Engineer: 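This is the structure I have questions about; it appears just below.
Order of the sequence lines sets the chain letters (A, B, ...), proteins ahead of strands, with each chain counted from 1. Predicted, not measured: the structure shown is a model, and the values here were computed from it.
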Amino acid sequence: AQSVTQLDSQVPVFEEAPVELRCNYSSSVSVYLFWYVQYPNQGLQLLLKYLSGSTLVKGINGFEAEFNKSQTSFHLRKPSVHISDTAEYFCAVSESPNDYKLSFGAGTTVTVRA
Amino acid sequence: DTAVSQTPKYLVTQMGNDKSIKCEQNLGHDTMYWYKQDSKKFLKIMFSYNNKELIINETVPNRFSPKSPDKAHLNLHINSLELGDSAVYFCASSPGTGLNTEAFFGQGTRLTVV
């Protein structure tokens, strides 16, 4: 069974600074990896996903993530954050390409300050 | 227009009661899901329906029963509520079952059992 660890529960960051959110997973088989964002009072929204191919994945709103199989990581980055990036970010993994049987991490709360 | 809507957003109820959470999607998707976010904020899948047919049924107490009257709705009924059922429940939908499609999530329903 797969599991996901998000190493930081809270990340405060200043506007226009870079941010990295760390995600590690454990699985004995091939994995498919996701980052979701939840803005206040909204549902989860897909930022990006890795299914196959290039290990560097670009998503919406200037986010990108890199799949590192040897380190079992899928860290999320943004070079310059905005106030509007304040949200909760969830990393998720699936072991099957055929269904959304996702296991999520506990989330990282990003607070962007001016 | 909200793509995936859940009602109610908040639900406080006493132990032993029976309650339902409703989910509707207006995206024309074939597949719908229920996820549970526990007190440690881990989201795990409970059920998935594709074209009104149950395709994922994780190890969930029998007190939980999903019902899909049509493709646009997947309601969650919970009988004999227990304190441990307190959680945030998320509904989601996707065009198909594969990960090459995108799953859209609702805002969540916070259930508190007292």
Side-chain angles (χ1 to χ4, degrees), chain A residues 1-10 21 23-27 29-53 57 59-60 67 74 87-110, chain B residues 1-7 9-10 23-27 29-51 53-60 74 87-110:
Chain A
Q2 70 270 30
S3 69
V4 176
T5 303
Q6 290 183 241
L7 296 158
D8 308 293
S9 59
Q10 309 229 5
L21 307 184
C23 172
N24 285 88
Y25 66 90
S26 65
S27 174
V29 298
S30 297
V31 291
Y32 308 88
L33 296 152
F34 300 76
W35 275 100
Y36 280 87
V37 60
Q38 186 176 26
Y39 299 106
N41 297 316
Q42 294 186 29
L44 292 162
Q45 179 183 359
L46 180 67
L47 273 178
L48 49 80
K49 62 184 175 185
Y50 170 79
L51 300 184
S52 65
V57 181
I60 62 170
F67 170 51
F74 190 56
E88 187 138 27
Y89 293 79
F90 292 92
C91 182
V93 63
S94 173
E95 290 183 341
S96 167
N98 298 319
D99 57 54
Y100 265 92
K101 198 171 171 180
L102 300 176
S103 289
F104 285 76
T108 298
T109 301
V110 173
Chain B
D1 278 347
T2 304
V4 181
S5 61
Q6 298 178 224
T7 52
K9 276 185 68 175
Y10 301 95
C23 179
E24 177 181 6
Q25 53 96 1
N26 61 7
L27 298 165
H29 289 170
D30 288 337
T31 310
M32 296 185 72
Y33 314 81
W34 275 109
Y35 282 80
K36 178 181 178 181
Q37 186 179 41
D38 62 25
S39 57
K40 295 184 179 176
K41 296 174 68 179
F42 291 103
L43 267 154
K44 286 197 181 299
I45 193 164
M46 299 171 68
F47 303 104
S48 174
Y49 270 72
N50 185 53
N51 281 318
E53 182 183 340
L54 182 66
I55 57 171
I56 295 176
N57 186 359
E58 289 296 282
T59 306
V60 175
L74 181 62
V88 181
Y89 293 85
F90 286 92
C91 178
S93 73
S94 62
T97 57
L99 296 182
N100 58 338
T101 63
E102 181 175 344
F104 292 78
F105 285 75
Q107 290 180 299
T109 295
R110 183 174 295 277

Engineer: What's the separation between atom CD1 in B/I45 and atom CZ in A/F104, rounded to the nearest 0.5 Å?
Structural biologist: 9.0 Å
Engineer: Which residue out of A/G107, A/S96, A/S103, A/G43 racks up the most heavy-atom pairs below 4.5 Å with chain B?
Structural biologist: A/G43
Engineer: Of all the heavy-atom pairs spanning B/Q107 and A/Q38, show the shortest one and how long it is.
Structural biologist: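 Heavy-atom minimum between the residues: O-NE2, 3.8 Å.
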Engineer: Quick one: what part of B/Y33 sits under 4.5 Å from any heavy atom of chain A, side chain, backbone, both or neither?
Structural biologist: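 For B/Y33, side-chain heavy atoms alone lie under 4.5 Å from chain A.
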Engineer: Side chain from CB out, backbone as N, CA, C, O: work out which of these in B/T101 comes under 4.5 Å of a heavy atom of chain A, or both, or neither.
Structural biologist: both
Engineer: Quick one: what part of A/E88 sits under 4.5 Å from any heavy atom of chain B, side chain, backbone, both or neither?
Structural biologist: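 For A/E88, side-chain heavy atoms alone lie under 4.5 Å from chain B.
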Engineer: Indicate yes or no: does B/E102 engage A/K49 in a salt bridge with an N to O separation below 4.0 Å.
Structural biologist: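 Here B/E102 does not pair with A/K49 in a salt bridge, since their nearest N and O are not under 4.0 Å apart.
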Engineer: Please name the pair of heavy atoms, one in B/L99 and one in A/Y32, separated by the smallest distance, quoted to 0.1 Å.
Structural biologist: CD1-CB, 3.5 Å
Engineer: Is A/S9 close to chain B through its backbone or its side chain, or both, or neither, when contacts mean heavy atoms under 4.5 Å?
Structural biologist: neither
Engineer: I need the B/K41 NZ to A/Q6 CD distance, nearest 0.5 Å.
Structural biologist: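 Answer rounded to 0.5 Å: 9.0 Å.
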Engineer: What part of A/L51 gets closer than 4.5 Å to chain B, counting heavy atoms only: side chain, backbone, both or neither?
Structural biologist: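 For A/L51, side-chain heavy atoms alone lie under 4.5 Å from chain B.
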Engineer: Quick check on B/S94 against chain A: is it the side chain, the backbone, both or neither that has a heavy atom closer than 4.5 Å?
Structural biologist: side chain
Engineer: Let me know if A/S94 has heavy atoms under 4.5 Å from chain B in its side chain, its backbone, both or neither.
Structural biologist: side chain
